[in-house]
Amino acid sequence: MSDEPSGTVQPSRFKLRGEWVFCAILAAITCVFLVVSLTYPASVRLWPLAVSIFVIGLILIYTAYRLWSGTFFEDPEEDARAGQAQDFGEEGASAPEPPANINERATIAAGASFVLFAIFIYAVGFLLAGAVFVLAYMLVAGYRKPLTVIGVVIGASVSIYLLFGSVLNAPMTQGAFLQYDLSWLPV
Amino acid sequence: MNEILEAARILFQPENLIFATIGFLVGTFGGIVPGIGGALTLTLVMPFTLGMEAEPAVILLAGAYTGVMYGGSIPAILINTPGTSSSAATALDGYEMAKQGKAVTAISISATASAIGSFIGGVFLILVSPILIAFVLAFGSPEFFMLAVVGLAIIVLASSGSMIKGLIAGAFGALLSTIGSTVVSAERRFTFGIPELYEGVNLLAAFIGVFAIAEMLRLAGQRGSITDKLAITGSRLEGVMETLRNWPTVIKASLIGIFIGTVPGEGGAVANFLAYLEAKRSSKEPDRFGKGHPAGVVAPEASNNSVISGSLVPTLSFGIPGSSTAAVLLGGLLLQGLRPGPSMFDENIVVTYTLFGSVLVGSVLTFIIGVGLANWFGLVPSIPNAILVPCVVFVSLIGAFVAEFNFGDVWQTLFFGFVGYALIRFGFPIIAFILGIILGPIAEDNLYRTLQITGGDVSTVFFTRPLSLVMVIMTVFILSWPLIGPWVKRSVRAAWHSLRER
C-alpha cells in the first residue's frame, strides 16, 4: 500500500504524458490557424502565417531533440533545476519551482467546479452563484468550521457585492433564468 | 519641469493619496498571502482601474506593486515561505530572526529597507527620464518591431527551464493575439463565427486567467493552509534603527535592484539573492548570515523594492517588462489606452511622471504603514486554500466580466486559466506566453508600418539602420546563447579563479 493520499499520482508520470498531449493540442490549434490564415489577403495573413509556421517548427524541433537525446520519457529539466539551485550557492536558498507531489484529481475537480460555477453564474447571476460556489467549495475541500464557513460566505458575498455591484455597477443579481432585486438594500 | 509639477499636483490630491493607500494595502495583502503574489494581485486590481482616468489608475497600480514587494517579506519572515519569489532570500535571515523572538523587528527592518529602496529607485527614475526620452525618440517602426522580437528573445532566455519551451509559449501567445480585428485592416481573423471573439483576446481576461485561475488550480491540488506561524514579538524601533545602521548595505542593495530591474526577464528574485550575497560577501561577520543577521533582511528587501523602478525603464520605454508583475502593470497601462514608447514621454508625460511619483509615495507608505502595522500584518498568512481558492475565483470571474460587461470574457478567463495551468504544469514559462500576447500586436503593427515605409521590401531595412542592426545582432546572440553560453561561463569561471589565485 502506498502512503500517498488517494488521488495522488506520481507527478513525473502524469507530467510526461500530459506534456506531449499538451504539445499535440498546441500543434493542432496552430495548424488550424495556419490553414485558416491562408484564406486571408497577403497583408492580413503575413504575421499569423509566419508565427504559426514558427510554432509548428519549434514543436517539431523540440520533439526531435527529446527523441534524439533519449529524454522523450524523462524530465530533462530536473537536472537543470538542481543545477540552478547549486548556482545560487546557498543551501536551500533558490529551488525555483521544485517538483512536488500534486493531487491531480483535486486539480481536475477544481477545474470542473470552476466551469460549473461559470455556468451557474450565467443561470442565476454572480451573487447567488458566488455564495453557493464559495460554500460548496469550502465544504467539499473539507472545511468544517460552521461559523467560519458562514462568515466567509457572507463576508465574501457582501464585500464583492459592494465592490463590484455598487462601485462598478456590475449586474450581480441577473442571470439568464433568475433575476432578483436588491435595490432596497441601503447600499 | 512643468510636467513634474503637474504630476505632483495630481499625486497629492486627497483622492489619489487614498488610491495609493488602498493600492498599497491591497498589494501588501497580496504579498503576504503565499500563493497570491505580485502578478495576481495587480491583475485583480486592474478591473477597478477601468472606469478611472489614467493618472489615478497608475497610482493605484503602483501602490499595489509597492505593497506586494514589501508584503512578500512577511510570510518569508514568519513562516519561512516567501509570499513572492522576490522575497525568497529574505527568509534566510528573517525566519531565523523570527525564531529568536524578533519577528516584529525583522518586519520593521523589511519595511524600512523597502521604503528606502523604493525611494532611491523613484529618485533614479526621475533623474534618468531625460536620457530615456532622448533614447526612445530615436526609435522608428523597424526598431520597435525588432525590439518586440528582442524582448521576447530576452524573456525566453531568462525564463527558467527549456529555452525552446519559452519560445513555443511566447510564439503561441503571439498567435492567439492575432484573433479578432486586425491592426492592418478592418478584416476580422480567426473568429470562427463566434461573436465573442470579434474584439479579439481580452487582455484583462488573459491576465486573470493566466495568473489568477491557473494559480488557483495549482493551489487546489495542494491540501491545507500554508503552515503555522511563529509568535509575533520584537521591537519596531529596533528594526528601523538596525536598517539605518546598515545604510551602506541599503544603498548598495538598492543600486543592485535598480540595475537588475532594468534587465528584462530578470527581476526581484534575482536582485534579492544578488543583494543578499553581496551583503554577505562585504560583511565583517559573514558567518552570522543565515543565523538571523539584520543585514540579511535589509539587503534583499531594499533590492526587491528598487527593482520596481528599474523594471519601469524597459516597461515604459519599450514595452518590455522586467518581470511578470511589471507585465501586468504594462497590461494595466494598455487598458488605459497608453502605449509604451515615445508617447509615454511626449503626450502622456504627465502620466509617466505620476507613475514615477507614485513610487516615491509608495516608499513613504511602506515606511508608515509597514512599520506601523508590523504586528497586524503577521495575522494574514494563515488563510487556508479551501477559503482562498473559491474567493479568488469568485473575484476573478466577476473582475473579468466587468471589463466590458461581456459574459464571453468569463469563458476567455477560464480558457486562459486552463492554458496557463498547463503551461505551468508542463514547464512552459507563462511570462513568455503573456508577453507574446502583449508584444504580438506591437510587433505586427510595426512590421506592417515597416512594410509600408519600404514598399514591401523588408530584406534590408533591418540591416541598414544602426539601432535596428544592433538589435538583429542581439537577437542572434541571445538565441545562440544556449550553444555558446556554457563555453563563455567556463571561460569566465576559469578567468575568475586565476584572478583569485593571484
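Letters go in sequence order (proteins before strands), and every chain restarts at 1.
- Heavy atoms closer than 4.5 Å to chain A are found in both the backbone and the side chain of B:Ile168.
- Chain B forms the most heavy-atom pairs under 4.5 Å with one residue out of A:Val152, A:Leu135, A:Ile160, and that residue is A:Ile160.
- Within the 4.5 angstrom heavy-atom criterion, only side-chain atoms of B:Val402, from C-beta onward, approach chain A.
- For A:Tyr122, the parts lying near chain B are the backbone and the side chain together; criterion is any non-hydrogen pair under 4.5 Å.
- Interface remark: A:Ile119 contributes backbone and side-chain atoms alike to the contact with chain B (heavy atom separation under 4.5 Å).
- The aromatic rings of B:Phe401 and B:Phe405 stand perpendicular to each other, their planes meeting at an angle above 60°, with 30° marking the opposite boundary.
- Here A:Arg66 contributes atom CZ and B:Ile164 contributes atom CD1; the two are 11.0 Å apart, rounded to the nearest 0.5 Å.
- Among A:Ala129, A:Ala110, A:Ala118, the residue with the largest count of heavy-atom pairs under 4.5 Å with chain B is A:Ala118.
- Of the residues considered (A:Thr39, A:Val55, A:Leu46), A:Val55 shows the highest number of contacts with chain B, using heavy-atom pairs under 4.5 Å.
- Proximity to chain B is limited to the side chain of A:Phe54, based on heavy atoms less than 4.5 angstrom apart.
- Annotation: maximal heavy-atom pairing with chain B below 4.5 Å, among A:Val149, A:Val153, A:Leu58, occurs at A:Leu58.
- For A:Ala27, no part lies under 4.5 angstrom from a heavy atom of chain B.
- If you measure heavy-atom distances from A:Ser113 to chain B, you find no contacts under 4.5 Å at all.
- Within the 4.5 angstrom heavy-atom criterion, only side-chain atoms of A:Phe22, from C-beta onward, approach chain B.
- Looking at B:Phe418, only its side chain comes within 4.5 Å of chain A, counting heavy atoms on both sides.
- Classified by interplanar angle (parallel below 30°, tilted 30° to 60°, perpendicular above 60°), the ring pair B:Phe416/B:Phe433 is tilted.
- Annotation: maximal heavy-atom pairing with chain B below 4.5 Å, among A:Tyr143, A:Phe133, A:Phe126, A:Phe117, occurs at A:Phe126.
- Taking a 6.0 Å sphere around CZ of A:Phe177, one finds it holds 12 or fewer heavy atoms contributed by other residues, nucleotides or ligands.
- Between chain A and the options B:Thr413, B:Ile387, B:Ile398, B:Thr178, the largest number of non-hydrogen pairs under 4.5 Å is found for B:Ile398.
- For B:Lys165 and B:Phe428, the positive end sits near the middle of the six-membered ring, less than 6.0 Å away and at most 45° from its axis.
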